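Taking it in order: structure first as structure tokens, then the write-up.
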Amino acid sequence: MRILSGMRPTGKLHIGHLSVLQNWVRLQAENKCFFFVADWHALTTAYDETRELRQNVREIVADWLAVGVDPERSTIFVQSHILEHAELHLLFSMFTPLSWLERVPTYKDQVRQLGEQGKDVRTYGFLGYPLLQAADILIYRADAVPVGEDQLPHIELCREIARRFNHLYDAVFPEPQALLAETAFVPGIDGRKMSKSYGNVISLDVGPEELGRLVRLMITDPARIHKTDPGHPEVCTVYAYHTIYSPTAVPEVEARCRGGKIGCVACKALLSEALEQMLAPIRAKRAEIMARPGYVEEVIAAGDARAREEARATMALVREAMRI
Ligand code: TRP
């Protein structure tokens, strides 16, 4: 299968992104994969915060490589380097009813929510965002798109665009399907959703001391004052992490917590160790990548060249079909 997915460059990735990336790594073993940095998409909301955009693109690609996305197997590229995405987006815009974009379920909510946060996204670009996403996908004639559940309406729109194009002109595009992987919900260290804006993230490249400090800050069962008090794992962030990162230890941790046989400090030390084992190789590989001058840029340039070739081939078919 031809598989495509993208991420916005919003800064360094955190461990909440890990299962998504591990899924990419699995997919690349048996499929033709395209993974790209959606920097134009970042502009649909953060159009006035571009100072760190280039650095963020570099950091996110380093994160992908550190987790094992392999530039020999997968085509890793940057959206804004492949101008053909913009051309296809423009052509799609000619036959896309406004109502299709206005009825994307997240659209009105997000305009309101971001508006409340002081960001005006009543823009042409923000409304057209799912159409740009359709162009990103269809220009590689992808069969499948690994995404989170929040993106399902966008994939549905993409399928409608493919159908409409094929009906109006010629059968150029397959109708891509969404690939929903099981991804663990990783809470932030305060138990809320992990998000940079909450300051509760564990980034992928966190060092061992900082990791220990973040784990010690995690919120545990507030009803537990003394070590011998019986704990309630279901309300404890540390326990939630154990179920994700050290599942084999869970039965024992749970029994000892409920029985007041292990204190939160010791429980956190166990978790730190499990996280450190998982993150140490990623951190080492990331450091190696960042230490090689020009390496990330080389990976991107090679991926861009492959992506561009594919995008150009599709655009030749599109222009032919549309008689342009
Ligand atoms: N919209 C996606 C997000 O915000 C990023 C994205 C842009 C994407 N184009 C894509 C994902 C194409 C999959 C396929 O997460």
Side-chain angles (χ1 to χ4, degrees), residues 1-14 16-21 23-24 27-28 31-47 49 53 56-57 60-61 63-64 69 74-89 92-93 96 101 104-107 109-111 113-114 119 121 123 125-162 173-181 183 193-197 303 307 310-311 314:
M1 283 205 294
R2 291 168 72 90
I3 295 203
L4 173 128
S5 198
M7 280 185 198
R8 296 168 176 232
T10 49
K12 282 181 189 167
L13 296 182
H14 55 64
H17 296 112
L18 203 53
S19 61
V20 171
L21 287 179
N23 189 40
W24 288 12
L27 288 168
Q28 74 181 353
N31 301 280
K32 187 167 166 96
C33 290
F34 298 85
F35 298 124
F36 77 101
V37 185
D39 57 347
W40 280 341
H41 281 272
L43 295 181
T44 61
T45 51
Y47 50 80
E49 302 161 45
L53 195 54
N56 287 345
V57 168
I60 203 172
V61 171
D63 283 330
W64 295 356
V69 179
S74 297
T75 299
I76 297 172
F77 66 99
V78 177
Q79 180 184 34
S80 67
H81 299 177
I82 314 297
L83 301 179
E84 285 77 4
H85 289 226
E87 185 187 3
L88 188 57
H89 175 221
F92 284 169
S93 76
T96 303
L101 296 170
V104 167
T106 46
Y107 176 67
D109 271 2
Q110 287 207 331
V111 169
Q113 260 181 33
L114 289 164
K119 168 126 301 161
V121 291
T123 57
F126 189 69
L127 180 66
Y129 162 116
L131 196 60
L132 179 58
Q133 181 161 355
D136 298 335
I137 297 167
L138 294 175
I139 205 163
Y140 300 101
R141 283 171 280 162
D143 303 298
V145 188
V147 283
E149 218 165 338
D150 61 313
Q151 297 287 313
L152 287 181
H154 298 159
I155 306 301
E156 194 45 48
L157 180 83
C158 174
R159 295 162 61 86
E160 283 173 315
I161 299 293
F173 298 114
E175 280 181 42
Q177 16 155 326
L179 281 186
L180 278 183
T183 50
K193 179 180 148 67
M194 191 177 281
S195 161
K196 245 191 3 192
S197 54
E310 300 272 356
T314 302

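Since the model is a prediction, treat every value here as computed from it, not as a measurement. We count residues from 1, following the sequence as given. Whatever order the structure lists ligands and atoms in, that order sets their numbers, starting from 1.
Residue D136 approaches ligand 1 through these ligand atoms, each under 4.0 Å from one of its heavy atoms: 7 (C), 9 (N), 10 (C). Near L4, with a cut-off below 4.0 Å to any heavy atom, the atoms of ligand 1 are 12 (C), 14 (C). Atoms of ligand 1 found under 4.0 Å from any heavy atom of Y129, numbered from 1 in the order shown, are 1 (N), 2 (C), 3 (C), 4 (O). Residue contact check: V145 has heavy atoms under 4.0 Å from atoms 13 (C), 14 (C) of ligand 1.
In this structure, the side chain of R8 does not engage the main chain of V37 through any donor-acceptor pair within 3.5 Å. T75 contributes no side-chain N or O that, together with a main-chain N or O of F34, makes up a donor-acceptor pair within less than 3.5 Å. In this structure a side-chain-to-backbone donor-acceptor pair under 3.5 Å is present from S5 to P146. Listed for the S74 side chain is no donor-acceptor partner under 3.5 Å among the backbone atoms of I76.
At a heavy-atom distance under 4.0 Å, no atom of L132 approaches ligand 1. When heavy-atom distances to ligand 1 are checked against a 4.0 Å cut-off, Q151 comes that close only through its side chain, counted from C-beta outward. Contact annotation for R8 and ligand 1: only side-chain heavy atoms (C-beta onward) come within less than 4.0 Å of the ligand.
For E310, the salt bridge (charged side-chain N to carboxylate O under 4.0 Å, His left out) partners two or more places apart in sequence, or in a different chain, are R2, K32.
Residue contacts with ligand 1: H154 is placed with no nitrogen or oxygen under 3.5 Å of a nitrogen or oxygen of the ligand (distance criterion only).
Taking the centre of each ring, Y140 and F77 come in below the 6.0 Å mark.
Nearest residue to atom 11 (C) of ligand 1 from G6, A135, P130 is G6 (criterion: closest heavy atom). Counting only non-hydrogen atoms, the option in Q133, M7, Q79, H41 that gets closest to atom 8 (C) of ligand 1 is Q133.
The closest side-chain heavy-atom distance from H89 to W40 is not below 4.5 Å.
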